[in-house]
Amino acid sequence: QVQLVESGGGSVQAGGSLRLSCAASSFTAAIKCMGWFRQAPGQEREGVAALYTAASSTYYAASVRGRFTISKDNAKNTLELQMNSLEPADTAMYYCAASWTSCGSISALRRWSYSDWGQGTQVTVSS
C-alpha cells in the first residue's frame, strides 16, 4: 500500500491553468500504473489521465486530451497533472490513484483498476 497526497488545487477563471501534484510515500517499481481521476457533485468518478510507468505510456480522457498533461517527476517523486485551457466543466475534486498491476488503453482510466487513492484536491473553474 502507498500513501498518496494531492496538492495544487484551487480556483481559476476559464482559460487559466493549474498544476496538480501527487506525493507518494514511496515510489517503487512495483507501482505499475498511476492515474488522475475527478468527481463532480452528483457524478461518477471518472478517469482523466493515466501513466503506465514501465513504458511511460500515457492515456487521456477525450474531454481533456490536448489540454492536460500527466507526467512523473522522478526528482521530486511526484505525479503531476498540468491542466491548461481550463473550462467550468473541469470543476471537480481531483484524486490521485496508484495500481500495482499494469494498465493499458482499456484499463488505465477505469477506477476499479486502482487500489490506492489520495484524499483529493478541489479544482474550481469559473466562467
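What you see below is based on every heavy atom in this structure, not just the backbone, and it leaves out hydrogens, waters and symmetry mates. Note that this is a predicted model, so its numbers are computed, not measured.
The list of salt bridge (charged side-chain N to carboxylate O under 4.0 Å, His left out) pairs with a residue in residues 100-127, not counting sequence neighbours, is empty. Within the structure, disulfide bond (SG atoms under 2.5 Å apart) contacts touching residues 28-70 (residues at least two apart or in different chains) are C33-C103. Counting only residues at least two apart or on different chains, no disulfide bond (SG atoms under 2.5 Å apart) pair has a member in residues 38-74. Legend: disulfide bond (SG atoms under 2.5 Å apart) pairs involving residues 40-85, not counting sequence neighbours: none detected. Note on residues 45-93: no pairs pass disulfide bond (SG atoms under 2.5 Å apart), not counting sequence neighbours. For residues 47-75, no pair satisfies ring pair (Phe, Tyr, Trp, His ring centres under 6.0 Å), with sequence neighbours left out.
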- Given the rule in the side-chain contact (heavy atoms from CB on, under 4.5 Å) test, do V2 and I31 qualify, once you have shown the distances and angles that lead to the verdict? CA-CA 9 Å; V2 62; I31 297 176; 4.3 Å; yes
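For S113, there are no side-chain hydrogen bond (donor to acceptor under 3.5 Å, both in side chains) partners, not counting sequence neighbours. Under the side-chain hydrogen bond (donor to acceptor under 3.5 Å, both in side chains) criterion, R45 pairs with Q39, not counting sequence neighbours. A search for side-chain hydrogen bond (donor to acceptor under 3.5 Å, both in side chains) contacts involving Y114 returns nothing, not counting sequence neighbours. Checked against side-chain contact (heavy atoms from CB on, under 4.5 Å), S17 has the following partners two or more places apart in sequence or in another chain: Q82, N84. In terms of the side-chain hydrogen bond (donor to acceptor under 3.5 Å, both in side chains) criterion, residue partners of S21 (sequence neighbours excluded) are, by chain and number, E80.
Here the side chains of C96 and L79 are in contact, with some heavy-atom distance below 4.5 Å. Taking the side chain as every heavy atom from C-beta outward, C22 and W36 approach each other to under 4.5 Å. Using a 4.5 Å cut-off on side-chain heavy atoms (C-beta onward), F37 and E46 make no contact. Residues R38 and S63 form a side-chain contact, since some pair of their non-hydrogen atoms from C-beta on lies under 4.5 Å apart. Side-chain contact between V123 and L20: present, with at least one pair of heavy atoms (C-beta onward) separated by less than 4.5 Å.
Put simply, the side chain of T53 gets close to the backbone of K32: a donor and an acceptor are under 3.5 Å apart.
Summarising the geometry of I70 relative to M34, their closest heavy-atom pair is CD1-O, 4.0 Å, with the distance given to 0.1 Å. What you find for L4 and A24 is that their closest heavy atoms are CD2-CB, 3.8 Å. The two residues S107 and S102 make their nearest non-hydrogen contact at OG-O, 4.4 Å.
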Residues 8-16, side-chain donor-acceptor partners within the protein, below 3.5 Å, at least two apart:
none

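In this structure, OG on S57 lies 8.0 Å from CG on L51, to the nearest 0.5 angstrom. Distance CZ/R19 to CG/L81: 8.5 Å, rounded to 0.5 Å.
Around atom CD of Q119, no more than 12 heavy atoms belonging to other residues, nucleotides or ligands sit under 6.0 Å away.
Follow the hydrophobic side-chain contacts under 4.5 Å out from W117 and you never reach Y94; the two are in separate clusters.
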